[in-house]
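Shown next, in structure tokens, is the structure this report addresses.
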Amino acid sequence: MQSGWDYETDFLVVGSGAASVCAALVAKRAGKQALIVEKTDFFGGSTGMSGGVFWVPNNPVMKRAGVADTDELATTYLNACAGDPMPGSTIERREAFLSQGPRAIDFLEEYGMALVHAEGYSDYHEGELPGGVARSRSIVAKPFNRNRLGKWKDRFRCRPGLPVMMHEVADLTLNGATLKSKITMVKVGLRIAQKKIGRDLVGMGGAVQGRLLEIALREQLEIWPESPLQELIVEDDRVIGGVVNHEGREFRVRARSGVLLGAGGFSHNQEMRNEFQRLPVSTEWTNANPGDTGEVMNMAIKLGAAVNVMEQSWWTLISILPDGTRATHPLDMSHPYSLMVDQSGERYVNESASYLVHGQAMYERNASVPAIPSWFICDSRFRNRYRWAGVAPGEPPAEWISSGYMLKADSLEELASQCSIDLQTLSRTIGRFNGFAATGVDEDFGRGEGAYHRFLGDPTVKPNPNLGAVEKPPFYAVKLYPGDVGTAGGLVTDEFARVQRQDGSVIEGLYATGNTTAPVAGRSYPGAGASIAASLVFGFIAARHAMCVD
């Protein structure tokens, strides 16, 4: 140990999200050492709380499922989504993501990562932009038995809920209305029943991070939980390590080949959100992991790092339940017999579009018409057929009504009064919407035209699985806010994941990935798992570059 250092490694990985294990494995395969430090007492980051999906074009898992894709098609689609090049979303970074994504998946599968093609979970803009794949470019981890983690079982971040893969959720929300829905419900029921024989199965982000953690433990990767990075150590304009608070004292950690920042964004930092994002915005609306507080990003900013797209988050509309829980609704809003309006009673967005589009549209609308919060409105058929906030169909829980969380009325006149919406405007909006439901064509926003829309719809409803007239009392209304699962903007990085300064120069020795960085897809979200995939892939790229692996 050289004088002045408490610990030495080759690659210091800050944060335990999607990139961490993959990057550390790259270092190990190159004959080097890596150290993963995690601020909180749980391994997994926001990935562990996510839907656990990777959007990786032309990946080996989709190929085994017989889904056609090419580099050319993927490039066309990503460029169409991302638009003109911008800092963090250069042509070079897009090319790096598309070329290295399949390699990163191959790499993880070599270590036993069990992945499944998310059949039918279409690219979000299929049918709208060229190059989209209807059958899906997204992949998910198989449900994982967390008992296999031993003493780490209760030390990894996991989304509570059913042991389900994300692409199965759409079928579950139909509650057996179709044969496919019935089959999915049986599959999930059997997984739940396995607890009786000692298999504690988890799905979604828990399955991803549980499997990666199992690989990390098997490969004896070094992981320090409850060990926040305090500062970056710089010598001759190069980052050579960091100060880590570990086991009650500060460790000066030397990182011979570099430092990778993968510590998330600033969702829980109200000061940063007020500075960079559109108002109103609140940490009370986020579902990002508690460690998403922005201090690591600020360490790089103080070294001169450039930032971009800081106003954006990975938006997903939420409602706030009586107990304060934030319920997300990316799937609920696609079902028939419902629509969303601003506070004037007007529709302003395709309710079946992606969750990022919903959040962006809500802020854009709010700039001219009060739309934060907006009103989700449905009739009795919606309530009797579909889940809302994870609750089974039927009469709403009594506390929903008594608390005012969900408004209930026997007429539109009464509902408009309770929502303080102009009755004439709301009646005109719903009348026009009901006409679209009858013809099956949403002339205003194209609801139900894309494969993604239809995937989340109800195929038993004709002629459009996403459209159903709102006309059967009682009627219900719930306030929706622009929640998020993480901020989207951050440090500008190049195609090797190196952090860049305002003038485009590189901060030597410093790499970044995930929500710590400006997104490779710019202000768009091409498909399910686009942010998690970018984190993984650029972590893979960063480690290979730092280890000088061709």
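All of these numbers come straight from a predicted model, not from anything done at the bench. Along the sequence shown, residues carry numbers from 1.
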Hey, does the side chain of [X] reach the backbone of [Y] with a donor-acceptor pair shorter than 3.5 angstrom?
X	Y	answer
Thr184	Lys180	yes
Thr75	Asp71	yes
Arg326	Thr286	yes
Asn515	Gly486	no
Thr316	Gly483	no
Asp494	Arg498	yes
His268	Ala288	yes
Gln502	Ala306	no
Thr513	Ser535	yes
Ser181	Asp171	yes

Is it true that [Y] and [X] share a donor-acceptor pair across their side chains at a distance under 3.5 Å?
X	Y	value
Tyr348	Ser374	yes
His167	Ser138	no
Arg137	Asn59	no
Thr293	Asn269	no

Checklist line | Test side chain to side chain donor-acceptor pair (under 3.5 Å) applied to Arg428 - qualifying residues, sequence neighbours left out | finding: Glu346
Check: Out of Lys142, Arg103, Arg64, Arg211, which one pairs with Glu109 under the salt bridge (charged side-chain N to carboxylate O under 4.0 Å, His left out) rule?
Finding: Arg64
Within the 4.5 Å heavy-atom criterion, are [X] and [Y] side-chain neighbours or not?
X	Y	result
Leu115	Ile105	yes
Phe455	Glu119	no
Thr173	Tyr386	no
His358	Val349	yes
Asn58	Leu98	no
Ser20	Val13	yes
Asn366	Pro280	yes
Met113	Val208	yes

Checklist line | Pair listing, salt bridge (charged side-chain N to carboxylate O under 4.0 Å, His left out) test, anchored in residues 533-546, at least two apart | finding: none
Next item on the list: Can you tell me which residue pairs pass the salt bridge (charged side-chain N to carboxylate O under 4.0 Å, His left out) test with a partner in residues 278-294, sequence neighbours excluded?
Entry: none
What is the ring orientation for [X] with [Y], classed by angle as parallel under 30°, tilted 30 to 60°, or perpendicular over 60°?
X	Y	answer
Tyr452	Tyr121	parallel
Trp285	Tyr481	tilted
Phe376	Trp388	parallel
Phe97	Trp55	parallel

Item checked: side-chain contact (heavy atoms from CB on, under 4.5 Å) assessment of Phe436 paired with Asp444 -> CA-CA 9 Å; Phe436 297 157; Asp444 290 339; 3.3 Å; yes
Please report the interatomic distance [atom1]([X]) to [atom2]([Y]), rounded to the nearest 0.5 Å.
X	Y	atom1	atom2	result
Asp484	Thr328	CG	OG1	11.5 Å
Phe445	His453	CZ	NE2	12.5 Å
Glu351	Asp332	CD	CG	13.0 Å
Thr90	Asp84	OG1	CG	13.0 Å
Ile301	Leu491	CD1	CG	6.0 Å
Leu536	Phe54	CG	CZ	5.0 Å

Notebook entry, point to check: How would you list, by chain and number, every residue that makes a salt bridge (Lys or Arg N to Asp or Glu O under 4.0 Å) with Arg365, sequence neighbours excluded?
Noted result: Asp342
Next item on the list: Under the salt bridge (Lys or Arg N to Asp or Glu O under 4.0 Å) rule, collect the residues that match up with Glu168, sequence neighbours excluded.
Entry: Arg191
Notebook entry, point to check: Would Tyr337 and Cys378 count as a side-chain contact (heavy atoms from CB on, under 4.5 Å) if you check the C-alpha gap in whole Å, the side-chain angles of each, and the deciding distance to 0.1 Å?
Noted result: CA-CA 6 Å; Tyr337 317 116; Cys378 65; 5.6 Å; no
Check: Taking only residues two or more places apart in sequence, or in another chain, which ones meet Ala451 in a side-chain contact (heavy atoms from CB on, under 4.5 Å)?
Finding: Ser122, Glu126, Ala134, Arg454
With ring centroids as reference points, do [X] and [Y] lie under 6.0 angstrom apart?
X	Y	value
Tyr525	Tyr355	yes
Phe496	His545	yes
Phe382	Phe475	no

Is any side-chain N of the basic residue among [X] and [Y] closer than 4.0 Å to the acidic one's carboxylate O?
X	Y	value
Asp442	Arg432	no
Asp458	Arg385	yes
Glu495	Arg94	no
Asp123	Arg135	no

Item checked: Nearest heavy atoms of Leu321 and Ala389, plus distance in Å -> CD2-CB, 4.2 Å
Next item on the list: Quick one: closest heavy-atom pair of Pro519 and Ser89, and the distance?
Entry: O-CB, 3.7 Å
Next item on the list: Test Ser50 against Arg159 for side chain to side chain donor-acceptor pair (under 3.5 Å), laying out the working first.
Entry: CA-CA 7 Å; Ser50 73; Arg159 181 177 183 163; over 6 Å; no
Check: Name the one of Glu311, Gln312, Met272, Arg273 that satisfies side chain to side chain contact (heavy atoms under 4.5 Å, CB included) with Thr487?
Finding: Arg273
Next item on the list: Answer yes or no: does atom CG of Asp503 have more than 12 heavy-atom neighbours from other residues, nucleotides or ligands under 6.0 Å?
Entry: yes
Note to self: Please determine whether side-chain contact (heavy atoms from CB on, under 4.5 Å) holds for the pair Phe538 and Val520, giving the CA-CA distance in whole Å, both sets of side-chain angles, and the decisive distance to 0.1 Å.
What the structure shows: CA-CA 10 Å; Phe538 281 104; Val520 67; 4.0 Å; yes
Next item on the list: Could you please spell out the steps behind the side-chain contact (heavy atoms from CB on, under 4.5 Å) verdict for Val67 and Val133?
Entry: CA-CA 9 Å; Val67 183; Val133 172; 3.8 Å; yes
